[in-house]
*Asks:* 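Dropping the structure in here first, questions after.
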Amino acid sequence: GNSVTQMEGPVTLSEEAFLTINCTYTATGYPSLFWYVQYPGEGLQLLLKATKADDKGSNKGFEATYRKETTSFHLEKGSVQVSDSAVYFCALSVRNTGNQFYFGTGTSLTVIP
Amino acid sequence: GAVVSQHPSRVICKSGTSVKIECRSLDFQATTMFWYRQFPKQSLMLMATSNEGSKATYEQGVEKDKFLINHASLTLSTLTVTSAHPEDSSFYICSAGGLAGGALVYEQYFGPGTRLTVT
């Protein structure tokens, strides 16, 4: 089946620290992969995406590379800021499943000054 | 990306009453809309998928008579929580699916969510 396994949180980092949030997946077809961010009290916003193997999605200093050989899509940022504090969700979609999205459990990130 | 709005953003209702939540895609036509429920500090749980002009497909364990979904147009879907009870209190999020803005990949565009509190 289709599923996403995400690193459990919460994660607490000091400002300017390096961030990695691990995400691995299983899929019956060829998935597109996404990272969404949810700020407190808000809905989800697309952070970045990748649609094929070796693609790198990037946005706002965050990056993730679609690794088919390891079925992973780890999120990284070289220097986090307090404003990055949020919950991050890894997700996949496979077209032959009606475009349904499968979400990881979310990882809460808190960045302290 | 596309813009999806939800109304209301917060609602408090008494037990036994019904509440309607609207989800609108503002700048593209969404043939499919999804409704999610999110409990505190948890991930999104897909409740149902609705296609414009047809009946919604509910996920296992979701009561279709309690959570009424209507998708009458390509830009509007509604979720009605009927005879609400305190255990229905949650954060409800909709999303509109499609290829918006020249995108080559099917994406879901999320609304900001509706916080429902049943007293």
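Per chain, numbering begins at 1; letters A, B, ... match sequence-line order.
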*Asks:* First locate atom CZ of A/Phe101, then atom OH of B/Tyr36, and finally report the distance between them rounded to the nearest 0.5 Å.
*Replies:*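 Rounded to the nearest 0.5 Å, the CZ-OH separation comes to 7.0 Å.
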*Asks:* Less than 4.5 Å to any heavy atom of chain A: does that hold for the side chain of B/Gln38, its backbone, both, or neither?
*Replies:*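 For B/Gln38, side-chain heavy atoms alone lie under 4.5 Å from chain A.
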*Asks:* In terms of hydrophobic clustering (I, L, V, M, F, W, Y; side-chain heavy atoms under 4.5 Å; direct or indirect links), are A/Val80 and A/Trp35 co-clustered?
*Replies:*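 Same hydrophobic cluster.
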*Asks:* With a 4.5 Å cut-off on heavy-atom pairs, point out which of B/Thr57, B/Asn51, B/Leu44, B/Ile93 contacts chain A the most.
*Replies:*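 Counting heavy-atom pairs under 4.5 Å, the top option is B/Leu44.
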*Asks:* Going through the checks in order, is the side chain to side chain contact (heavy atoms under 4.5 Å, CB included) test met by B/Phe91 and A/Gln38?
*Replies:* CA-CA 13 Å; B/Phe91 194 52; A/Gln38 184 179 33; 3.7 Å; yes
*Asks:* Take atom CG in B/Leu26; do more than 12 heavy atoms of anything else shown fall under 6.0 Å from it?
*Replies:*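 It does: B/Leu26 CG has more than 12 such atoms within range.
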*Asks:* Might you confirm whether atom NZ of B/Lys64 has over 12 heavy atoms from other residues, nucleotides or ligands at distances under 6.0 Å?
*Replies:*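 Open: at most 12 neighbouring heavy atoms sit under 6.0 Å from NZ of B/Lys64.
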*Asks:* Test your reading of the model: is there a side-chain donor-acceptor pair from B/Ser43 to the backbone of A/Gly104, 3.5 Å cut-off?
*Replies:*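 Such a contact is found between B/Ser43 side chain and A/Gly104 backbone.
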*Asks:* Within a reach of under 6.0 Å around CD of A/Glu16, are more than 12 heavy atoms found that belong to other residues, nucleotides or ligands?
*Replies:*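 No, the 6.0 Å shell around CD holds no more than 12 heavy atoms from other groups.
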*Asks:* Taking atom CD as the centre, does A/Gln81 end up with more than 12 heavy-atom neighbours from other residues, nucleotides or ligands that are less than 6.0 angstrom away?
*Replies:*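 Result for CD/A/Gln81: enclosed.
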*Asks:* Nearest 0.5 Å, please: how far is OG in B/Ser95 from OH in A/Tyr36?
*Replies:*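 One finds 7.5 Å between OH of A/Tyr36 and OG of B/Ser95.
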*Asks:* At what distance, to the nearest 0.5 angstrom, does CD of B/Gln108 lie from CZ of A/Phe34?
*Replies:*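 It is 8.5 Å, given to the nearest 0.5 Å.
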*Asks:* Which atoms of A/Leu44 come close to chain B, meaning under 4.5 Å heavy atom to heavy atom: side chain ones, backbone ones, both, or neither?
*Replies:*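 Both backbone and side chain of A/Leu44 come within 4.5 Å of chain B.
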*Asks:* So for A/Gln45, is it side chain, backbone, both, or neither that comes closer than 4.5 Å to the heavy atoms of chain B?
*Replies:*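 Contact with chain B involves no heavy atom of A/Gln45 at all.
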*Asks:* Flag yes if more than 12 heavy atoms outside B/His85 fall under 6.0 Å of its NE2 atom; otherwise flag no.
*Replies:*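 For B/His85, atom NE2 is crowded (more than 12 foreign heavy atoms under 6.0 Å).
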*Asks:* Would you kindly confirm whether A/Ile112 and A/Leu109 end up in one hydrophobic cluster when ILVMFWY residues are joined by side chain heavy atoms under 4.5 Å apart?
*Replies:*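 Hydrophobic grouping puts A/Ile112 apart from A/Leu109.
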